[in-house]
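Just so you know, these numbers use all the heavy atoms, side chains as well, and skip hydrogens, waters and symmetry mates. Residue numbering restarts at 1 for every chain, and letters A, B, ... go by the order of the sequence lines.
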Amino acid sequence: MSILARALHIVFMILGNIWFFVRDYIAVPLRLANPQDHRSRADEILPNEVRQKWEREQDELQKKLILKDNKCIKEMFKCHKVKDCKDHGYYIAGVDISFVKDDLVNACAGLVVLRFPSLKLVYEDYKMVELTEPYIPGFLAFREAPFIVDLFDTLKQTKPKYYPHLVMVDGNGILHPKEFGSACHVGVLLDLPCIGVAKKLFQVGGLENNQEHKEKIKQLKKGGATFPLVVDSGRTLGMALRSHDGCTKPIYVSPGHLVTVETAVKLVHCCCLKRVPEPVRLADINSREYIRQNFKPTTDNQAT
DNA sequence: GCGACAG
DNA sequence: ATCTTGTCGC
């Protein structure tokens, strides 16, 4: 008996060592040579203790998470339902961070505020920042959220009247391995209603971008059509949404803070002039443009 | 014993 | 996340 157990143990150790050899000496250098894939590199450089610290921080913040519509959001949605195109003094913010090509630290954080429901731009702010944390799937907020909070501080100090009633974040809300994506993180830190909008499916809780999923996408016949994203636990963590008629690839909407799934989807759909809702889209393209205009690359900090 | 993984 | 041109369709 014990001999069999020892033999199995040795076999697993050998298999493990082969695996590590393959990973460290063959697979990783190959992936590093491929500029498409930054994830593998990021994965390698996250120390275990940091990961645990981040997980604890997520647990703490998650205690403050509220997944119901707050009063303001209900009002905002009511205004839209009457198909009244007059503005009602509501503001929606969009945030995004754009990166400098071949540069691991320099990036631009952007914040835009649009009037709702006319989607007219009333405030914008862009700031070059130096990233300190890597991108680790599941921990996006630790890389981006501090800069976003900083932009909101500036907004509050300079133009408080444009402080928004809702934030849209480029990334997921509760559609996340721990049901606490970057939209939740940002929403709780700001204590504002927040919605996560992702352009690709985060494959969690049994959700997969497989044939079955693609079939469901085909069934979205027109703009506004949705299907729920249900994970193994049976919980609906978000919706796939076809933004409008002329766009087949859906976006993935999930609540971040102080909104329900249903309201999140409807509000995002109200903001979709293109595939991606205007707040996120403007933050994205404008911060990219800001880099082009204002950032002069130096020989330092360039990736090999 | 690892696998997949938003930006 | 980032880099690419034209091309297809409305």
- [ ] Would you check if the side chain of A:Arg242 reaches a backbone N or O of A:Cys247 as a donor-acceptor pair within less than 3.5 Å?
- [x] yes
Task: Backbone of A:Val230 reached by a side-chain donor or acceptor of A:Arg235 within 3.5 Å - done: no
- [ ] Would you mind classifying the nucleic acid contact of A:Arg143 as base, sugar-phosphate or nothing, using non-hydrogen atoms under 4.0 angstrom?
- [x] base
Open item on the list: Angle between ring planes, A:His165 versus A:Tyr91, binned at 30° and 60°: parallel, tilted or perpendicular?
Closed with: parallel
Task: Touch class at under 4.0 angstrom, heavy-atom based, for A:Gly138 against every strand present - done: base
TODO: Return the value, rounded to whole Å, for the distance between atom NZ of A:Lys200 and atom C1' of C:dT2.
DONE: 12 Å
- [ ] Describe the nucleic acid contact of A:Asp170 in one word from base, sugar-phosphate, nothing, applying a heavy-atom distance below 4.0 Å.
- [x] sugar-phosphate
Task: Separation of C:dG9 P from A:Asp245 CG (nearest whole Å) - done: 18 Å
Task: Rounded distance in Å - CG (A:Asp232) to P (B:dA4) - done: 17 Å
Task: Side-chain N,O (A:Lys199) to OP1/OP2 (C:dA1) below 4.0 Å - done: yes
Open item on the list: Just to be sure I follow the notation: if a pair is Watson-Crick (purine N1 to pyrimidine N3 plus N6-O4 or O6-N4) or a G-U wobble (N1-O2 and O6-N3), each under 3.5 Å, what dot-bracket string does DNA chain B give, with | for pairs to another strand?
Closed with: .......
- [ ] Could you please name the option among C:dT2, B:dG7, B:dA6 that lies closest to any side-chain atom of A:Lys101?
- [x] C:dT2
Task: Under-4.0 Å salt bridge between A:Asp170 and A:Lys199 - done: yes
Open item on the list: How many whole angstroms separate atom OH of A:Tyr135 from atom C1' of B:dC5?
Closed with: 6 Å
Open item on the list: With no hydrogens and no angle check, just 3.5 Å: does a side-chain donor-acceptor pair link A:Asn172 and A:Tyr252?
Closed with: no
Open item on the list: I want to know whether A:Phe139 and A:His176 have ring centres closer than 6.0 Å.
Closed with: no
Task: Residues which pass ring-ring contact (aromatic ring centres under 6.0 Å, His included) with A:His185, listed by chain and number, not counting sequence neighbours - done: A:Phe142, A:Phe180
TODO: Mind checking A:Ser182 for me? I need base, sugar-phosphate or nothing, with any heavy atom below 4.0 Å counting as a touch.
DONE: base
TODO: May I have the distance from A:Ile285 (atom CD1) to C:dA1 (atom C1'), rounded to whole angstrom?
DONE: 16 Å
- [ ] Rounded to the nearest angstrom, tell me the gap between atom CD1 in A:Ile291 and atom C1' in C:dT2.
- [x] 10 Å
- [ ] Would you say whether A:Tyr252 stacks on B:dA6? The test is a distance between ring centres of less than 5.5 Å and an angle between planes of less than 30°.
- [x] no
Task: Rounded distance in Å - CG (A:Leu241) to P (B:dA6) - done: 20 Å
- [ ] Answer yes or no for this row: A:Phe99 ring on C:dA1 base, centroids under 5.5 Å, planes under 30°.
- [x] no
Task: Charged N-O contact under 4.0 Å between A:Lys178 and A:Asp59 - done: yes
Task: Touch class at under 4.0 angstrom, heavy-atom based, for A:Phe139 against every strand present - done: base
Task: For atom NE2 of A:His176 and atom P of B:dA4, their distance in whole Å - done: 18 Å
- [ ] Please determine if a side-chain N or O atom of A:Gln203 lies less than 4.0 Å away from the OP1 or OP2 oxygen of B:dC5.
- [x] yes
